[in-house]
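Contents: one structure, followed by commentary.
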Amino acid sequence: MQSPGQKKSIAGTLLNLVGSGPKKGAAAPAAPVEDADGNVVQPAAGEGALENHLGGDEARNYRKYEYETVAPHVGRSMLEVGSGLGHFSEQFAGRLDYLVVSDNDPYCVGELSKRYDDNDDVEVIDLALPADIKIRQKVDTVVMMNVLEHIKDDVQALRDLAAVTEPGGRIVIWVPGYMQLYGDFDRKVGHVTRYTPATLEKSVREAGLVPEVLKPINFLGGIAWWFAVRRGGAGYPDPKLVKIYDRTVVPLTRTIERFVKPPFGQTVLCVARVPR
């Protein structure tokens with residue numbers, strides 16, 4: 001018979017799956033980016049950014065989850081804000097007539113330029129929101145994956161994006177959910193906030209957009225993250241443990257959410273329409 005000290009609690013198991021303390025030799029987090037007035041703008045997303053571990057090679061199922069959730073809302077032309085090294089946008093290769101990838105980190109912009117050097121259908125820009133966006137032509141879809149939460153003036157950022165989106169086009173917003181999950185990790189990567197459907201809807205409507213889809217997703221991930229950051233004090237996602245989480249919790253979450261509408265989640269998804 002196991003002693004109490006030998007028994008693993010559910011909270012402990014979830015904590016071990018999601019995150020841990022900083023590892024010796026781990027890459028330092030990218031610092032939040034501020035404009036001349038001290039406002040937080042679109043973050044640098046260089047190779048060592050902590051958030052890359054949540055959607056990189058350690059989290060292939062999660063990246064597929066992101067793509068299959070977002071792809072039905074994407075038309076024939078797309079601006080991706082905060083493209084990083086291009087892991088997400090590369091999944092759209094071959095289905096778009098025009099793609100704009102962007103970042104505000106020199107390393108990422110350089111790598112994106114190398115990746116798409118011979119592709120005339122792809123434009124690479126250096127972009128820090130809020131900003132007057134300069135691209136060759138308007139797009140029918142804008143995608144923001146874990147970007148808006150870094151920006152203090154999120155309403156102006158959305159207005160800037162709407163200005164380069166065709167009337168009737170969509171802005172797809174994927175953000176971390178619920179301030180109850182806000183912890184050391186959020187502070188390290190420069191999150192201004194975590195959203196609820198209500199707070200995200202407020203920003204979207206103030207920007208003059210019309211929300212068509214607005215819901216929490218990744219319910220089990222939200223529970224795991226709560227245990228990790230609130231009960232366990234995790235501040236850094238261990239890539240090896242993220243891979244385990246990706247192979248177990250993500251597929252289970254997807255199965256459950258096909259049949260059950262989650263009451264909250266690690267993420268909030270919004271698809272907002274630009275008025276005609």
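The figures here come from the full heavy-atom set of this structure, side chains too, leaving out hydrogens, waters and symmetry mates.
- Proximity of the aromatic rings of F88 and F92 is defined here by a centroid distance below 6.0 angstrom, and this criterion is met.
- Taken from CG in L79 to NZ in K138, the straight-line distance is 13.0 Å, to the nearest 0.5 Å.
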**OP:** May I have the step-by-step check of side-chain contact (heavy atoms from CB on, under 4.5 Å) for Q137 and V139, ending in yes or no?
**Re:** CA-CA 7 Å; Q137 64 188 64; V139 296; 5.7 Å; no
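- Using a 4.5 Å cut-off on side-chain heavy atoms (C-beta onward), M145 and W174 make contact.
- Put simply, the side chain of S83 gets close to the backbone of S102: a donor and an acceptor are under 3.5 Å apart.
- Between V204 and C270, the shortest heavy-atom distance links the atoms CG2-SG, 4.0 Å.
- The pair D140-R76 does not count as a salt bridge, with every side-chain nitrogen at least 4.0 angstrom from each carboxylate oxygen.
- Although no hydrogens or angles enter the test, the distance criterion places no donor-acceptor pair under 3.5 Å between the side chain of R276 and the main chain of G169.
- A search for salt bridge (charged side-chain N to carboxylate O under 4.0 Å, His left out) contacts involving D117 returns nothing, not counting sequence neighbours.
- Here the side chain of Y182 pairs a donor or acceptor atom with the backbone of H191 at under 3.5 angstrom.
- The minimum heavy-atom distance between P262 and E257, with the atom names listed, is CG-OE2, 3.9 Å.
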Subject >> Worked verdict on E90 versus Y67 for side-chain hydrogen bond (donor to acceptor under 3.5 Å, both in side chains) >> reply: CA-CA 10 Å; E90 70 180 355; Y67 173 78; over 6 Å; no
Table please: side-chain donor-acceptor pairs of residues 120-134 below 3.5 Å, with sequence neighbours left out.
residue, atom, partner, partner atom, Å
E123, OE1, Y98, OH, 2.5
E123, OE1, R136, N, 3.1
D132, OD2, K134, NZ, 3.2

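- Going from atom CD of E149 over to atom OG1 of T267 covers 9.0 Å, rounded to the nearest 0.5 Å.
- Screening V81, L200, L161 for a side-chain contact (heavy atoms from CB on, under 4.5 Å) involving I173 leaves a single residue, L200.
- Transitive grouping of hydrophobic side chains (ILVMFWY, heavy atoms separated by less than 4.5 Å) keeps V155 and V172 in distinct clusters.
- Looking at T141, its side chain never comes within 3.5 Å of a backbone N or O of R170 through a donor-acceptor pair.
- For H73 (side chain) and A272 (main-chain N/O), no donor-acceptor pair under 3.5 Å exists by modelled atom type.
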List the atom pairs, with distances to 0.1 Å, where a side-chain N or O of residues 205-220 and a protein N or O form a donor-acceptor pair under 3.5 Å, not counting sequence neighbours.
residue, atom, partner, partner atom, Å
R205, NE, E201, OE2, 2.8
R205, NH2, E201, OE2, 3.3
E206, OE2, K202, NZ, 2.6
E212, OE1, R273, NH2, 3.3
E212, OE2, R273, NE, 2.9
E212, OE2, R273, NH2, 3.4
N218, OD1, G221, N, 3.2
N218, ND2, Q266, OE1, 2.8

**OP:** Quick one: do R194 and Q180 satisfy side-chain contact (heavy atoms from CB on, under 4.5 Å)? Show the steps, please.
**Re:** CA-CA 9 Å; R194 298 179 71 102; Q180 292 91 331; over 6 Å; no
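- A donor-acceptor pair under 3.5 Å is formed between the side chain of D186 and the backbone N or O of G183.
- Atom-to-atom distance recorded for R159:CZ and S203:OG is 10.0 Å, nearest 0.5 angstrom.
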**OP:** Just do the side-chain contact (heavy atoms from CB on, under 4.5 Å) check on V147 and V175 with the steps written out, would you?
**Re:** CA-CA 7 Å; V147 172; V175 289; over 6 Å; no
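- Two residues are said to be in side-chain contact when any heavy atoms from C-beta on lie closer than 4.5 Å; L85 and D103 fail this criterion.
- In this structure, L181 and P176 have side chains that are not in contact, with every pair of non-hydrogen atoms separated by 4.5 Å or more.
- The two residues G265 and Y178 have their closest heavy-atom pair at O-CD1, 3.3 Å.
- Classification of R63 and E66 as a salt-bridged pair fails, no side-chain N sitting under 4.0 Å from a carboxylate O.
- When every heavy atom of M179 is checked against every heavy atom of T193, the shortest pair comes out as SD-OG1, 3.6 Å.
- Residues S77 and D97 have side chains that never bring a donor and an acceptor to within less than 3.5 angstrom of each other.
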Original post:
What's the verdict on side-chain contact (heavy atoms from CB on, under 4.5 Å) for T165 and I171, showing C-alpha distance, side-chain angles and the deciding distance?
Top reply: CA-CA 8 Å; T165 306; I171 298 178; 4.2 Å; yes
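- When atom types are taken as modelled, the side chain of T199 and the backbone of T196 share a donor-acceptor pair closer than 3.5 angstrom.
- Side-chain contact between V70 and V143: present, with at least one pair of heavy atoms (C-beta onward) separated by less than 4.5 Å.
- Atom CG of L158 is separated from atom CG of D154 by 6.0 Å, given to the nearest 0.5 angstrom.
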